[in-house]
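The structure displayed is predicted, hence computed values, not measured ones.
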Amino acid sequence: GRMTELTSLRMDMSRYQIDACAAAAALVAIGPSLVAFRFGVDPTAGAQGGLSHDLQASLAALAALRCPYDLKTVVQSVDEHFDGRGRPSGLVGDQIPIGARVIAVTREYCRLVAEGTDPMAATELLRSRMNTAFDPKVIEAFFAALRDETYVDRLEGGQTGAKILVIDGDPSTLSVC
């Protein structure tokens with residue numbers, strides 16, 4: 001969602017890469033719902049090829065879509081770890097598609113907060129997994145995007161509805177839409 005896009009912007013990804021990452025993130029996010037409806041996966045069966053049921057369902061949905069992006073590799077790589085101890089292929093560092101690295105960080109933060117972890121504690125948990133599960137560059141970009149998002153939420157505060165994009169924290173680069 002929004003944090004995936006903001007983090008992708010902070011990673012200086014191209015517009016095409018940002019849109020592809022957002023599309024892959026949406027597929028990954030709906031994976032658990034697809035499993036519940038048994039869409040393309042048997043939840044009683046074991047993981048196929050090292051992929052979780054959620055990611056198997058996301059890939060099944062992708063196969064049914066006509067999509068202008070190559071999302072299969074990104075979705076398949078979301079559970080890879082930066083240090084190579086992830087699944088399904090044990091990819092290391094930059095072998096993992098950048099979109100998958102971004103989605104992994106944003107998905108984990110959202111999961112922690114949704115489960116009741118304090119947002120500050122969630123950021124510390126992410127920081128503690130830098131260089132193991134998560135790419136340190138993505139973590140730093142995510143934190144910058146999170147600061148931007150928090151700033152925007154405070155500015156909006158339900159008052160004017162203006163959308164403000166903070167590019168790098170410098171007030172001269174504020175963009176009001």
Side-chain angles (χ1 to χ4, degrees), residues 1-11 13 17-62 69 71-93 96-153:
R2 185 171 172 151
M3 288 308 300
T4 298
E5 289 189 60
L6 289 173
T7 303
S8 297
L9 279 167
R10 285 295 190 153
M11 293 294 299
M13 294 166 67
Q17 289 174 307
I18 292 168
D19 290 344
C21 190
L27 278 171
V28 169
I30 64 169
S33 297
L34 295 172
V35 170
F37 288 107
R38 296 179 182 256
F39 183 90
V41 64
D42 177 3
T44 62
Q48 293 178 338
L51 289 176
S52 68
H53 289 125
D54 295 356
L55 294 182
Q56 290 176 46
S58 296
L59 289 171
L62 176 61
Y69 308 111
L71 303 182
K72 184 177 180 180
T73 305
V74 173
V75 172
Q76 284 177 322
S77 303
V78 168
D79 285 339
E80 297 287 356
H81 288 186
F82 195 70
D83 64 2
R85 292 188 290 170
R87 60 181 184 186
S89 303
L91 301 177
V92 178
I96 305 166
I98 186 66
R101 287 181 273 152
V102 169
I103 293 167
V105 170
T106 58
R107 180 175 74 159
E108 181 66 6
Y109 177 81
C110 291
R111 183 190 67 77
L112 289 167
V113 172
E115 291 177 353
T117 304
D118 174 73
M120 288 304 293
T123 60
E124 288 309 312
L125 285 167
L126 290 178
R127 188 180 307 280
S128 73
R129 296 177 68 198
M130 277 185 3
N131 292 311
T132 56
F134 304 121
D135 180 342
K137 293 178 196 167
V138 174
I139 291 284
E140 292 306 320
F142 175 78
F143 289 162
L146 191 59
R147 284 189 299 274
D148 294 349
E149 181 69 4
T150 301
Y151 181 68
V152 169
D153 285 347

**Q** Where do Ile98 and Met11 come nearest, in terms of heavy atoms and distance?
**A**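 Of all heavy-atom pairs spanning Ile98 and Met11, the closest is CD1-CE, 3.6 Å.
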**Q** Identify, with sequence neighbours excluded, every residue that meets side chain to side chain donor-acceptor pair (under 3.5 Å) alongside Asp19.
**A**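 If we apply the side chain to side chain donor-acceptor pair (under 3.5 Å) test to Asp19, skipping adjacent residues, the hits are Arg15.
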**Q** Is a side-chain donor or acceptor of Glu80 paired with a backbone partner of Ile96 at a separation under 3.5 angstrom?
**A**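 Side chain of Glu80 to backbone of Ile96, a donor-acceptor pair under 3.5 Å: no, none is there.
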**Q** Output every pair passing side-chain hydrogen bond (donor to acceptor under 3.5 Å, both in side chains) with a member in residues 110-119, not counting sequence neighbours, ordered by first then second residue.
**A**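 As it turns out, the side-chain hydrogen bond (donor to acceptor under 3.5 Å, both in side chains) pairs with a partner in residues 110-119, which skip direct neighbours, are Glu108-Arg111, Arg111-Glu115.
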**Q** Checking Thr7 side chain against Thr4 main chain: does a donor-acceptor pair fall under 3.5 Å?
**A**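 No: the side chain of Thr7 does not pair with the backbone of Thr4.
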**Q** Evaluate the side-chain proximity of Thr132 to His81: yes if any heavy-atom separation is below 4.5 Å, no if none is.
**A**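 No, every pair of side-chain atoms sits at 4.5 Å or beyond.
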**Q** First locate atom CE of Met3, then atom OG of Ser8, and finally report the distance between them rounded to the nearest 0.5 Å.
**A**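 Met3 CE to Ser8 OG: 10.0 Å, rounded to 0.5 Å.
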**Q** Taking 4.0 angstrom as the limit, do Lys137 and Asp135 come out as a salt bridge?
**A**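 Looking at Lys137 and Asp135, the cut-off is not met.
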**Q** Give me the atom names and distance for the closest heavy-atom approach of Phe82 to Pro136.
**A**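 Between these two residues, the closest heavy atoms are CE2-CD, 3.6 Å.
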**Q** Taking all non-hydrogen atoms of both residues into account, name the closest pair between Gly84 and Val92 and its distance.
**A**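 Heavy atoms of Gly84 and Val92 come nearest at CA-CG2, 3.6 Å.
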**Q** Where is the tightest heavy-atom contact between Ala145 and Arg10, given as atom of each residue plus distance?
**A**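 It is N-CG, 4.1 Å.
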**Q** Are any non-hydrogen side-chain atoms of Val74 and Cys21 less than 4.5 angstrom apart?
**A**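 Val74 vs Cys21: side chains apart.
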**Q** Can you check whether Leu146 reaches Leu6 side chain to side chain, under 4.5 Å on heavy atoms?
**A**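 They are not in contact (no side-chain heavy atoms under 4.5 Å apart), so the answer is no.
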**Q** For the OG1 atom of Thr106 and the CD atom of Glu5, what is their distance to the nearest 0.5 Å?
**A**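 Here the rounded value is 10.5 Å.
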**Q** Any side-chain heavy atom of Glu124 within less than 4.5 Å of one from Arg127?
**A**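 Result yes, sub-4.5 Å side-chain heavy-atom pair found.
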**Q** Rounded to the nearest 0.5 Å, what separation is found between the CD1 atom of Ile103 and the CG atom of Asp79?
**A**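 Here the rounded value is 11.0 Å.
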**Q** Using the ring pair (Phe, Tyr, Trp, His ring centres under 6.0 Å) criterion, which residues pair with Phe142? Sequence neighbours excluded.
**A**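 Expected list: Tyr109.
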